[in-house]
*Asks:* 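Take this structure, written in structure tokens, and hold onto it; I'll ask about it next.
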Protein chains: 2
Amino acid sequence: MSNTARTIMLVDDHAVVREGYRSMLQKQPGLRVVAEASGGAEAYRLYKETGPDLVIMDLSMPGIGGIEAIRRLRQWDKHAKILVFTMHQNAAFAVQAIRAGASGYVTKTSPPETLVHAVMDALSGKIAISPDIDHELALSHLAGETAAADLLTAREFEVLRMLLAEKTTDEIAEVLHLSPKTVANLHSLIKDKLGVGTDIELVRLALRQGILTQIDLGER
Amino acid sequence: MSNTARTIMLVDDHAVVREGYRSMLQKQPGLRVVAEASGGAEAYRLYKETGPDLVIMDLSMPGIGGIEAIRRLRQWDKHAKILVFTMHQNAAFAVQAIRAGASGYVTKTSPPETLVHAVMDALSGKIAISPDIDHELALSHLAGETAAADLLTAREFEVLRMLLAEKTTDEIAEVLHLSPKTVANLHSLIKDKLGVGTDIELVRLALRQGILTQIDLGER
DNA sequence: ATCATCGTCGTGAAATTTTCCCGGCACCGG
DNA sequence: CCGGTGCCGGGAAAATTTCACGACGATGAT
């Protein structure tokens, strides 16, 4: 178990970050980086090719995002070990990632030791969550900010996503084959359920909870 | 001029990214990393202490953000050379950074050579903009999406920021000593000027243009 | 000096939206 | 069967958004 190195694949769209991982990890004996991918699709391909012991994965990537990539990797290999390493210090993301099958969630603001620790934990089968996210989770629990997805019914959530994406009430009514009146009613109900007064707060909540990502904004 | 190495300070709140920079730059002869900071305040302090030839700076950092940090550094040293290296592939940010006094703007998605190139350019006094941002700038120019800041009057912009940050119309009226009616009028006028129909589009536009940052969202 | 322009602030009134309350349907578990 | 819940929309009051308009001061050109 100890005479052969554990193999690792890095997935991050920023070359400089991969370089950083590589540099940090190669100081650690017994670890070897065998593949690098800059996106979800490439990660999938390279995983099948190289079958690494552990994947270190960023979340925000163009194309196939991190969460989706995790899902696909785990679908291909039920026992894939995937450690999420991301800038999003956000409990909602962490929950999504773990649900998708991640073995750990560490934020990029963590000190290097934390990453190394998490890598070791993940390799030995433990689930590693960085302390700040633990704290976030506890906080959001205490603050009672239940995930929007849990609070809303499927239909309501659908409308919420369209509100955030589409334009007007009428357009949504069109697409969903509803009366504009119903959409307006749902819109109102959603804000009520989520405890926000204005649409602006609604968007901010959605961003906090990862329902809407900055990448979805048509920014790129 | 060539027998002594050019000194560089790295500013990024992610240790792994600093490690990446360091690893990439030390392959380059004639460059030496002499300081690392994880935030704007620390950067300011260390700059005064070490006086590096070049600063490589991230934009999104807790506390004093990158743009503000650039402003302060340039205030202290009019000739400070600061190269922005960020994940934000966003023309609006680039414009802000350059206006604040940055000597260049490179996105983290760029290949390593681009960073090295930009470092050299910046050191020799040139302004380096990575190709994707050039493209963005051209695009946003063509698309006619003028920066909101240029389109709005000072008062309107003020109200816009408060709309994005504060809560209700009445609260803003309170703070600004205006009639709630006036705020509502401004709100309407702003949406008109920016060509958006709903508040949700307004927030999205603000995010695209960097008026509102994800970090401002109260996520942290 | 005067005029035109623009930003700012406000009013009033119409148009629209939001919100609240309601009823009808369908589905599910006891 | 009955109560609870999600889903869909109507009606009407309440709130808001929007539009037209006037007043005022600062600016700037003639």
Side-chain angles (χ1 to χ4, degrees), chain A residues 99 144-209 211-212, chain B residues 92 95 99 144-209 211-212:
Chain A
R99 282 203 189 136
E145 185 169 286
T146 322
D150 294 341
L151 214 48
L152 301 179
T153 65
R155 201 53 160 168
E156 286 157 359
F157 195 71
E158 174 88 344
V159 171
L160 172 56
R161 278 195 313 138
M162 305 214 43
L163 278 171
L164 297 171
E166 296 281 330
K167 314 226 150 191
T168 69
T169 299
D170 296 290
E171 285 173 2
I172 298 175
E174 173 83 25
V175 177
L176 258 45
H177 303 289
L178 294 177
S179 141
K181 191 60 203 298
T182 302
V183 177
N185 277 337
L186 285 180
H187 186 173
S188 178
L189 184 60
I190 289 168
K191 287 202 288 186
D192 187 37
K193 278 195 176 181
L194 298 184
V196 299
T198 68
D199 280 348
I200 290 177
E201 282 183 274
L202 188 63
V203 179
R204 295 169 62 128
L205 182 73
L207 279 164
R208 269 206 308 280
Q209 302 225 347
I211 299 167
L212 180 66
Chain B
V95 171
R99 282 204 189 134
E145 187 169 284
T146 322
D150 294 340
L151 215 48
L152 301 178
T153 67
R155 202 53 160 168
E156 286 158 359
F157 195 71
E158 175 89 345
V159 172
L160 171 56
R161 276 196 312 137
M162 305 211 51
L163 278 171
L164 298 171
E166 297 281 327
K167 314 225 151 199
T168 68
T169 299
D170 296 290
E171 284 172 5
I172 299 176
E174 173 84 23
V175 177
L176 259 41
H177 304 291
L178 295 177
S179 143
K181 196 59 205 294
T182 301
V183 177
N185 277 338
L186 268 300
H187 187 171
S188 177
L189 184 60
I190 289 168
K191 287 201 289 185
D192 188 35
K193 278 196 178 182
L194 298 184
V196 299
T198 69
D199 280 348
I200 290 177
E201 281 183 275
L202 189 63
V203 179
R204 295 171 62 131
L205 182 73
L207 279 165
R208 268 207 307 279
Q209 303 227 346
I211 299 167
L212 180 67

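For clarity, every value in this text was computed on a predicted model and none was experimentally measured. Lettering of chains follows the sequences in order, A, B, ..., and the numbering in each one begins at 1. Quick note: numbers below take in every heavy atom, side chains included, and nothing from hydrogens, waters or symmetry partners.
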*Asks:* Got a second to check how far B:Leu202's CG is from B:Leu163's CG, nearest 0.5 Å?
*Replies:* 7.0 Å
*Asks:* If you take all heavy atoms of B:Ala173 and B:Ser179, which pair is closest and at what distance?
*Replies:* CB-C, 4.0 Å
*Asks:* Apply side chain to side chain contact (heavy atoms under 4.5 Å, CB included) to B:Arg204 and B:Val196, showing your working.
*Replies:* CA-CA 10 Å; B:Arg204 295 171 62 131; B:Val196 299; over 6 Å; no
*Asks:* Each nucleotide in nucleotides 4-17 of chain D should get exactly one letter: B, S or -. Can you fill that in based on protein heavy atoms under 4.0 Å?
*Replies:* --SSSBBBB----S
*Asks:* Which residue pairs satisfy the salt bridge (charged side-chain N to carboxylate O under 4.0 Å, His left out) criterion with at least one member in residues 170-192 of chain B, sequence neighbours excluded?
*Replies:* B:Lys191-B:Asp199
*Asks:* Five pairs per end, C1' atoms only: what is the angle between the end axes of the helix from C:dA1-D:dT30 to C:dG30-D:dC1, to 10 degrees?
*Replies:* 30°
*Asks:* Would you mind reading off the distance between B:Asp192 atom CG and D:dC19 atom P, rounded to a whole angstrom?
*Replies:* 7 Å
*Asks:* From the 5' end of DNA chain C to its 3' end, which nucleotides mark the outer limits of contact with chain B, defined by a 4.0 Å heavy-atom distance cut-off (strictly under)?
*Replies:* C:dG7 to C:dA13
*Asks:* Could you pull out the protein-nucleic contacts involving nucleotides 23-25 of chain D (nitrogen or oxygen on both sides, under 3.5 Å)?
*Replies:*
none

*Asks:* Could you tell me the separation between the CZ atom of B:Arg161 and the CD1 atom of B:Ile172, rounded to the nearest 0.5 Å?
*Replies:* 11.0 Å
*Asks:* Quick one: side chain to side chain donor-acceptor pair (under 3.5 Å) partners of A:Glu156, sequence neighbours excluded?
*Replies:* A:Thr153, A:Lys193
*Asks:* Report yes if some heavy atom in the side chain of B:Leu160 is under 4.5 Å from a heavy atom in the side chain of B:His187; otherwise report no.
*Replies:* no
*Asks:* Nearest 0.5 Å, what's the OG1-CE distance between A:Thr168 and A:Met162?
*Replies:* 10.0 Å
*Asks:* Checking side-chain contact (heavy atoms from CB on, under 4.5 Å) against B:Thr169, which of B:Thr182, B:Leu178, B:Val183, B:Val159 comes through?
*Replies:* B:Val183
